[in-house]
Protein chains: 2
Amino acid sequence: MKAKQFVEISKCLSNQTRLDILEWLKDPEGNFPPNTSSMPNTEGVCVTFIHEKTGLSQSTISTYLTSMLRCELLEMKRVGKWTYFKRNEKVIKAYCDYLL
Amino acid sequence: MKAKQFVEISKCLSNQTRLDILEWLKDPEGNFPPNTSSMPNTEGVCVTFIHEKTGLSQSTISTYLTSMLRCELLEMKRVGKWTYFKRNEKVIKAYCDYLL
DNA sequence: TTTACATATCGAAATATTTCGATATATTTG
DNA sequence: CAAATATATCGAAATATTTCGATATGTAAA
């Protein structure tokens, strides 16, 4: 991991709501209702559920998720009108390795 | 580690200079001149050397180091007129564990 | 005990982040 | 195709961070 990506990830992690989202996605079945489509929660949770759980505005959460995607903390999958997000464990691990 | 401390640490890590300092302190003997006192670099590097290496103002570095101390990324030791800083490996490890 | 050195704190200007409501876009469904 | 649903983007106001120079404080040396 390059320093620039590390700093961008740290910026994402320095906001309580974004951190909450990352933590909630550790257990996507326990923390969110099942996706209305056939997509299992383990392969991504739809933006609406994440939005509803935070209590912040839809536009704010969309921006948050985009920033977490750009620095690669999250992975995205678009299916029909839904967008699903899940943790990018590989990048999270690389972020930790950088520090130690 | 509590969420609040995690967020404060992330804020520290979201600045390139503070990240540099944390990385430089991985090898305090390779990255800084030997302390002028009898304190070995492995037990802490004095603020002046850290300041000189960054190129930023003394007041800025003092503020940076204080914030890194407050969130416990660093440990401090004061001896005579010098202040020495080193990494707090235990907290850094706990920060990583929180993420994974 | 004055001076020099090491570090911390203050006040301020520039820049960045947070968060919103309004609006745009894209997809599905009637 | 029109309406409904899901998500993204825009513009802006409030707040926070960055970084400085000036100054204060604490310790050591002359």
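Treat the numbers as computed from the prediction; the structure is a model and nothing was measured.
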Please answer whether the main-chain N or O of [Y] pairs with a side-chain N or O of [X] as donor and acceptor at a distance below 3.5 Å.
X       : Y        : answer
A:Thr63 : A:Ser59  : yes
A:Lys26 : B:Leu100 : yes
A:Arg18 : A:Lys11  : yes
B:Ser10 : B:Phe6   : yes
A:Gln5  : A:Cys71  : yes
B:Arg87 : B:Leu22  : yes

Measure from the side-chain heavy atoms of [X] and tell me the nearest of [options].
X       : options                : answer
B:Thr66 : D:dT9, D:dA6, C:dT9    : C:dT9
B:Ser59 : D:dA22, C:dG21, C:dT19 : D:dA22
B:Tyr64 : D:dT19, C:dA6, D:dA6   : D:dT19

Starting at atom [atom1] of [X], determine the distance to atom [atom2] of [N], rounded to an integer number of angstrom.
X       : N      : atom1 : atom2 : result
A:Glu8  : C:dA16 : CD    : P     : 12 Å
B:Lys81 : D:dT27 : NZ    : P     : 12 Å
B:Met68 : D:dT18 : CE    : P     : 12 Å
B:Tyr84 : C:dA6  : OH    : P     : 10 Å
A:Arg78 : D:dT5  : CZ    : P     : 20 Å
B:Ile61 : C:dA6  : CD1   : P     : 16 Å
A:Trp82 : C:dT27 : CH2   : C1'   : 9 Å
B:Arg70 : D:dT17 : CZ    : P     : 10 Å

> Just checking A:Thr83: base, sugar-phosphate only, or nothing, at a heavy-atom cut-off of under 4.0 Å?
Replying inline: sugar-phosphate

>> A side-chain contact here means heavy atoms from C-beta on lying under 4.5 Å apart; do A:Trp24 and A:Val45 qualify?
In response: no

> Are B:Met39 and B:Ile21 joined in one hydrophobic group, where the rule is that I, L, V, M, F, W and Y side chains link up if heavy atoms are under 4.5 Å apart?
Replying inline: no

>> Do A:Val79 and A:Val47 land in one hydrophobic cluster if side-chain heavy atoms of ILVMFWY residues count as linked below 4.5 Å?
In response: no

>> Can you confirm whether the side chains of B:Ser37 and B:Tyr84 place a donor and an acceptor under 3.5 Å from each other?
In response: yes

>> Give the residues of residues 11-24 of chain A touching DNA chain D, defined as any heavy atom closer than 4.0 Å, sorted by residue number.
In response: none

> Going by heavy atoms closer than 4.0 Å, what residues in residues 44-58 of chain B are next to DNA chain D?
Replying inline: B:Leu56, B:Ser57

>> Using the rule given for side chain to side chain contact (heavy atoms under 4.5 Å, CB included), can you reason through B:Trp82 versus B:Asn35, listing the C-alpha separation, both sets of side-chain angles and the distance that settles it, and then say yes or no?
In response: CA-CA 10 Å; B:Trp82 290 286; B:Asn35 289 322; over 6 Å; no

>> Testing the basics here: between A:Pro34 and A:Phe49, what is the closest heavy-atom pair and its distance to 0.1 Å?
In response: O-CE1, 3.5 Å

> Would you say B:Ser62 reaches C:dA8's phosphate, i.e. side-chain N/O to OP1/OP2 under 4.0 Å?
Replying inline: yes

>> Heavy atoms within less than 4.0 Å of DNA chain C: which residues of residues 29-42 of chain B have one? Give them sorted by number.
In response: none

